[in-house]
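The block underneath contains the structure these notes are about, expressed in structure tokens.
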Amino acid sequence: MPPVVRFAPSPTGRLHIGNVHTALFNWLFARHEGGEFRLRIENTDTSREVAEATGQIQESLRWLGLDWDGEVTFQLDRMERCREEAERLLAEGKAYEDEGAIRMRMPDEGVTVWDDLIRGHIEYPNEKLEDLVLVRADGRPTYNFASPIEDWLDGITDVLRGEDHIPNTPKQIRILEALGAPLPRYGHLANIFGADGKKLAKRHGSVSVEDFRAEGYLPEALFNFLALLGWSYDDKTTVMSRDELVERFTLDRVGSSPAIFDYAKLDWLNGVYARALDSDDYASALLTWLREQGNEWDAELVRASVPLVQEKIAKFAEYPAFAGFLFGEVEPDRGLIDGSSPVLEEAERALAELEPFEAEPIEDALRGLADRLELKPRDAFQPIRVAVTGSRVSPGLFESIELLGREQTLDRLRAARAAAA
RNA sequence: GCCCCCAUCGACUAGCGGUCCAGGUCACGGCCCUUUCAAGGCCGUAGCGCGGGUUCGAAUCCCGCUGGGGGCACCA
């Protein structure tokens, strides 16, 4: 029987990367096994609910390509059913009233055990299980009551969630047993931490899916990277497409120890995906990203710049600093230009009448200039680069000059000379 | 405090008793290429937390310790 899994975030904010990791593993498992992946919003705690969160969560999942089966369900919609079940437990003597709330009677001897999908045998002493509240005095069911009931109602066969839920599992097992409901299998994924081994937070870098999107990461790269956190295919395969991941993902290769989120490796992987893109696709993705950032740069020029940047930057967020000189004024650091050097003036002269104004002839002209001045290429080109692009780090100089155009180039050479004088 | 989970290079991991004086990837260092920056090529540094067992043999199994994390709500 194909498994039915679910991802059940609470709508309290943007989708945290740790939660998406859990969502991803559920999704991968479901798709690999030909099962279903459901999305449920656990909104029992209305006081903490953030209005836009439900939409944001769905948008983030869609962006990453994690599609869900069926309609999105909301925990709150099943309040009534939960209350009925609680009444039943009350009637059967398995629960009792306490200051308006309904509490579950928990055993205080023995142990509750289950075979964790990824950790194996786990034991929990029953004496540590307290009589938890099922339904609050105001009538709202608590998470630990509503969640297992919904898993039951939805026919969830496998509950794959974060390891912080391990202490909840014995409680939920007892509830399901009291209810006479079948038990799903449980699997607890290890947490993901920041470089200091603490919970991944803003100070470490991006944390929500939206943050990563805003940084200009490609969803395929983030997807691949996340899959490798706590799971591996073999001893050497790193880059895998979505389809390969679906085909290869199995729970027996999921690890149980926590992982640290390595932004440097993500950057590398993103670069791998970025470079592998067809330049048209790269351009479209870049343009989309720029627009999302509220940047309305000339689309044709952006497209034309792709060959100069695609191999050089790891993620789109680097684009404005790297290629921004094509789209606006530039303020070169005077300290980087030697006012007494004839290079800028010579370059101006060499480029003034050059035909055609294209990378190759530009290169020939500037190399000739370096020869004449008896300068090493790097020493001759650096001041020109700074004058034209405003920085000592830029795309290829000759291609940059071609794209910038003669007029702009000459203007910038003149301006730099004046500033350095 | 109590309970639970985890433990291989700086990071992600392979390893499921001998084929491991531990392999791959990122990062890092060196060299090559080179107009800067990347990319690419080659080489390299670096790890089984500690102590007991079990076994002919342990990174692999067991126990303890230490360390890290999580949980102990009418939050989810």
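In this text, all values refer to a predicted model and were calculated from it rather than measured experimentally. Because only heavy atoms are used, hydrogens play no part in the values below, and waters and symmetry mates are left out as well, while side chains stay in.
- For the pair Arg103(A) and C74(B), the criterion of a side-chain N or O lying under 4.0 Å from OP1 or OP2 is met.
- Below the 3.5 angstrom threshold, one finds a donor paired with an acceptor across the side chain of Lys312(A) and the base of C37(B).
- Taking atom P on both C65(B) and G1(B), the two are 14 Å apart, rounded to the nearest angstrom.
- Residue contacts for Ser256(A): at a heavy-atom cut-off of 4.0 Å it reaches the sugar-phosphate backbone alone, with no base atom in range.
- Taking the P atoms as reference points, A14(B) lies 13 Å from C61(B), given to the whole Å.
- Listed pair Ser232(A) / A14(B) meets the phosphate criterion, a side-chain N or O lying under 4.0 Å from OP1 or OP2.
- Taking 3.5 Å as the limit, the base of A27(B) and the side chain of Asp262(A) contain no donor-acceptor pair of atoms between them.
- Close to U35(B), at under 4.0 Å from its OP1 or OP2, lies a side-chain N or O of Arg367(A).
- Checked against Phe249(A) for a ring-ring contact (aromatic ring centres under 6.0 Å, His included), the options Phe223(A), Trp231(A), Trp27(A) give a single hit: Trp231(A).
- When the nearest nucleotides of RNA chain B are assigned to Ala195(A) and Arg385(A) by heavy-atom distance, the more 5′-ward of the two goes with Ala195(A).
- Note on ring orientation: taking the six-membered ring where Trp is involved, the planes of Phe212(A) and Tyr263(A) are parallel (angle under 30°, cut-offs 30° and 60°).
- Taking the six-membered ring wherever Trp is involved, the centroid distance between the rings of Phe7(A) and Trp68(A) does not fall below 6.0 Å.
- With both ends at atom C1', the span from C28(B) to U19(B) equals 31 Å, rounded to whole Å.
- Taking 4.0 angstrom as the limit, Arg275(A) places a side-chain polar atom (N or O) nearer than this to OP1 or OP2 of G40(B).
- Residue Lys265(A) places no side-chain atom within donor-acceptor reach of the base of U13(B), judged by atom type and a 3.5 Å distance cut-off alone.
- Between G69(B) and Lys198(A), a contact under 4.0 Å exists linking OP1 or OP2 to a side-chain N or O.
- If you check every strand for non-hydrogen atoms under 4.0 Å, Asp267(A) touches nothing.
- Nucleotides C43(B) and U66(B) are separated by 45 Å at their P atoms, to the nearest Å.
- For the OP1/OP2 pair of A76(B) and a distance below 4.0 Å, the side-chain nitrogens and oxygens of Arg136(A) include at least one atom meeting the criterion.
- Below the 3.5 angstrom threshold, one finds no donor paired with an acceptor across the side chain of Arg378(A) and the base of U36(B).
- A gap of 31 Å separates the P atoms of C2(B) and C48(B), to the nearest Å.
- Nearest-nucleotide positions on RNA chain B for Trp231(A) and Gly396(A) put Trp231(A) closer to the 5' end.
- Backbone-only contact: Leu228(A) has heavy atoms under 4.0 Å from sugar-phosphate atoms and none from a base.
- Atom name C1', nucleotides G68(B) and U25(B): the rounded distance is 25 Å, in whole Å.
- Using a 4.0 Å heavy-atom cutoff across all strands shown, Asn168(A) reaches at least one base atom of the nucleic acid.
- Using a 30° and 60° split on the angle between ring planes, Phe327(A) and Tyr319(A) fall in the tilted class, from 30° to 60°.
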